[in-house]
Chemist: 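Have a look at the structure that comes next, please.
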Protein chains: 2
Amino acid sequence: MARTSARSRTATVTALDAVHFALDRGSPVPLYHQLAQQLEAAIEGGALAPGNLLGNEVDLSVRLGLSRPTVRQAIQSLVDKGLLVRRRGVGTQVVHSKVRRPLELSSLYDDLEEAGQGPTTEVLRNETVPASAEVAAALGLPEGAPVTVLERLRRTHGQPVAYLCNHLPASLLDLDTARLEATGLYRLLRAAGITLHSAHQTVGARSATAAEAALLDETKGAALLTMTRTAYDDTGRPVEHGTHIYRASRYAFDFRLLVRP
Amino acid sequence: MARTSARSRTATVTALDAVHFALDRGSPVPLYHQLAQQLEAAIEGGALAPGNLLGNEVDLSVRLGLSRPTVRQAIQSLVDKGLLVRRRGVGTQVVHSKVRRPLELSSLYDDLEEAGQGPTTEVLRNETVPASAEVAAALGLPEGAPVTVLERLRRTHGQPVAYLCNHLPASLLDLDTARLEATGLYRLLRAAGITLHSAHQTVGARSATAAEAALLDETKGAALLTMTRTAYDDTGRPVEHGTHIYRASRYAFDFRLLVRP
DNA sequence: CAGTGGTCTAGACCACGGG
DNA sequence: CCGTGGTCTAGACCACTGC
């Protein structure tokens, strides 16, 4: 009884009290993930405004019928995503920034899985060749090993946007030209059971050569955005090495960073 | 007894067996973090080669005198850093890529906290002005609110590399010109107790105007790398908005991405 | 089938921050 | 001081993988 009155006395009213959570213990999706999704929905939907306290973890776990570590795991995943902030002695609150929708790092796909408009891809080249020294080094293969070389031209609204040149170990998969024109390379890799895990990128700029200008419908000397990337699968094996050239007048990289202390 | 023999029978010999771990329960640094650091050192030092299995978590926790969740937390932190991979039914192994040293995302600081060479910074401007519409929007302030505007020229080896223009809420802190020339803006922010948490960046390219060319010792029309960034502190409040211009001939962004499924 | 990581529980004590 | 998150324990059962 003393316990109960103490709890009700100290229980802080939070915006979370009004939110209903539906947890399905029979679902194959983990409880902490269900909770995280519903918390995220509450934040995105405005039920939890920026700066709102979440209320302490113990009360929340009691209310939800979960253990505290499980609740913590859910909250932690949102902290990792940058949606929540924890403060010792204070509580957990919703982050203040308004713009946080595309917080998932998408820059890996920015140029491959497009939003909205209708991008088209023309495959200029798709064949197997011996690896050059540079490609071999990037892919961790011996020089001369067979690699698939891919050259593509990407357009949006009929206008060229980017020239993409990629190299992959030939043993990895067969790339169908028709499929490549219909979808992105990364989708094909994923469909082949290859899950990307990390990538190393270098982004620079330079002036267009005459050939590049002709290909991209620019004038010679126009500013181009360049990117070279090596992507690794979840075991750390190099899977793809690409050299991309973008028309700076029609493309920019847009991404978010999370600083992990 | 049966237990013991069973365990020794099933215990897999791993490269980890040879590694000595020293855990200090009296230390203020958490056990899981001590373990993570020592595991990382073992990997970086080569005691654990790429592809090596770590051995199961239960055995490891017994050997270290820790609970399994604690060991898991240590391992998870290295998985998050991209050093380890977990596979159900298989085990935890060291990732294959050789190049993983600068896996911490450093691109936020690439241009502000330099490596090696001796960069110098010349402060061209450091004053308080009313916020323009664009700056006010980026910083979440009313238009006309006082902001500190900062213009700097960065050189390495005596050659200009970048022109940096930054805006900060004037209420945030006082920026000492002398200190700005001696260290980076982000170091000053950190020293003032402001911890950066996330940032939104846009990277593009364009041709130099005559004025930009003169400032950066380029020729008019030369390719420039541009970057605009808004940085947020750990509560999600905008802290800084910058527009930077880099000489593409002397600078490129180099960074790593981790794909979180 | 046996071994692995994946998830979850029900407690405990500590360190920090604010009133 | 008290409430918060931060850390840690000692178990449990499940799902997936590979043989």
Side-chain angles (χ1 to χ4, degrees), chain A residues 2-3 6-14 16 23-36 52-80 84-93 193 195 234-235 261, chain B residues 2-3 5-14 16 23-36 52-80 84-93 193 234-235 261:
Chain A
R3 281 262 185 91
R7 194 184 300 134
S8 59
R9 173 172 51 79
T10 60
T12 326
V13 176
T14 102
L16 206 58
L23 298 174
D24 175 9
R25 298 190 99 92
S27 161
V29 34
L31 291 173
Y32 75 88
H33 196 241
Q34 293 183 40
L35 176 55
N52 278 178
L53 269 308
L54 236 62
N56 78 56
E57 299 171 351
V58 188
D59 285 353
L60 188 54
S61 64
V62 169
R63 175 184 153 200
L64 297 175
L66 297 175
S67 70
R68 186 183 164 207
T70 302
V71 171
R72 268 185 72 78
Q73 195 174 356
I75 293 178
Q76 187 58 46
S77 72
L78 295 185
V79 170
D80 289 342
L84 297 177
V85 197
R86 289 198 220 248
R87 297 176 172 285
R88 231 183 238 198
V90 179
T92 303
Q93 48 185 320
T195 60
D234 53 7
T235 72
Chain B
R3 282 262 185 91
S5 65
R7 194 183 300 134
S8 59
R9 174 172 51 78
T10 59
T12 325
V13 176
T14 99
L16 205 59
L23 299 174
D24 175 9
R25 297 189 100 93
S27 161
V29 33
L31 290 172
Y32 75 88
H33 196 242
Q34 293 182 40
L35 176 54
N52 278 178
L53 269 310
L54 236 62
N56 78 57
E57 299 172 350
V58 187
D59 285 354
L60 188 55
S61 65
V62 169
R63 173 182 153 200
L64 298 175
L66 297 174
S67 71
R68 185 183 164 208
T70 301
V71 170
R72 269 186 72 79
Q73 194 174 359
I75 292 177
Q76 187 58 47
S77 72
L78 296 185
V79 171
D80 289 341
L84 297 177
V85 196
R86 291 198 221 247
R87 297 176 172 283
R88 231 187 246 203
V90 178
T92 303
Q93 49 184 319
D234 52 8
T235 71

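Proteins come first, then strands; the chains are lettered A, B, ... in the order of their sequence lines, and each starts at number 1.
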Chemist: Rounded to the nearest 0.5 Å, what separates atom CG in B:L84 from atom CG in B:L53?
Modeler: 11.0 Å
Chemist: Taking for each residue the nucleotide of DNA chain C with the nearest heavy atom, is it A:L66 or B:E57 whose nucleotide lies nearer the 5' end?
Modeler: B:E57
Chemist: For nucleotides 15-19 of chain C, list the nitrogen or oxygen atoms of the protein found under 3.5 Å from its nitrogen or oxygen atoms, one pair per line.
Modeler:
{"residue": "C:dA15", "atom": "O3'", "partner": "A:R88", "partner atom": "NH1", "Å": "3.4"}
{"residue": "C:dC16", "atom": "O4'", "partner": "A:R88", "partner atom": "NH1", "Å": "3.2"}
{"residue": "C:dG17", "atom": "O4'", "partner": "A:R88", "partner atom": "O", "Å": "3.3"}

Chemist: Is the distance from OP1 or OP2 of D:dG5 to the nearest side-chain N or O of A:T92 less than 4.0 Å?
Modeler: yes
Chemist: Check whether any side-chain N or O of A:R87 sits under 4.0 Å from OP1 or OP2 of D:dT4, and answer yes or no.
Modeler: no
Chemist: B:L84 CG to C:dT4 C1': how many Å, rounded?
Modeler: 15 Å
Chemist: I need the B:L78 CG to B:L35 CG distance, nearest 0.5 Å.
Modeler: 8.0 Å
Chemist: For DNA chain D, find the residues of residues 23-34 of chain B with a heavy-atom distance under 4.0 Å and give them by number; none if there aren't any.
Modeler: B:R25, B:P30, B:L31, B:Y32
Chemist: Does A:N56 have a side-chain nitrogen or oxygen under 4.0 Å from the phosphate oxygens OP1 or OP2 of D:dT4?
Modeler: yes
Chemist: Output the rounded distance in Å from CG (A:L64) to C1' (C:dT9).
Modeler: 15 Å
Chemist: Enumerate the residues from residues 67-74 of chain A whose closest heavy atom to DNA chain C is under 4.0 Å, giving them by residue number; use none for an empty result.
Modeler: A:S67, A:R68, A:P69, A:T70
Chemist: In Å and rounded to the nearest 0.5 Å, what is the CZ to CD1 distance from A:R68 to A:I75?
Modeler: 9.0 Å
Chemist: Name all residues meeting the salt bridge (charged side-chain N to carboxylate O under 4.0 Å, His left out) criterion together with A:R88; count only those two or more places apart in sequence or in a different chain, and write none if there are none.
Modeler: none
Chemist: Does A:T70 have any side chain to side chain donor-acceptor pair (under 3.5 Å) partners at least two apart in sequence or in another chain, and if so, which?
Modeler: A:S67
Chemist: Mind checking whether B:L31 and B:Q73 have side chains closer than 4.5 Å, heavy atoms only?
Modeler: no
Chemist: Who pairs with B:Q93 by side chain to side chain donor-acceptor pair (under 3.5 Å), at least two apart in sequence or on another chain?
Modeler: none
Chemist: Quick one: closest heavy-atom pair of B:V71 and B:L60, and the distance?
Modeler: CG1-CD2, 3.8 Å
Chemist: Quick one: A:I75 CD1 to D:dG5 C1', roughly how many Å, whole number?
Modeler: 9 Å
Chemist: Can you tell me the distance, in whole Å, between the CD atom of A:Q76 and the C1' atom of C:dT7?
Modeler: 16 Å
Chemist: B:R86 has an atom CZ; how far is it from atom P of D:dT17, in whole Å?
Modeler: 16 Å
Chemist: In whole Å, what is the span from the CG atom of B:L53 to the P atom of D:dT17?
Modeler: 16 Å
Chemist: Can you name the nearest heavy-atom pair linking B:R86 to B:R72, along with the distance?
Modeler: NH2-O, 3.3 Å
Chemist: Taking CD from A:Q93 and P from D:dG3, how many angstroms apart are they, rounded to a whole number?
Modeler: 19 Å
Chemist: Which pair of non-hydrogen atoms, one from A:Q34 and one from A:V29, has the smallest distance, and what is that distance?
Modeler: NE2-O, 2.9 Å
Chemist: Test B:L66 against B:R25 for side-chain contact (heavy atoms from CB on, under 4.5 Å), laying out the working first.
Modeler: CA-CA 10 Å; B:L66 297 174; B:R25 297 189 100 93; 3.9 Å; yes
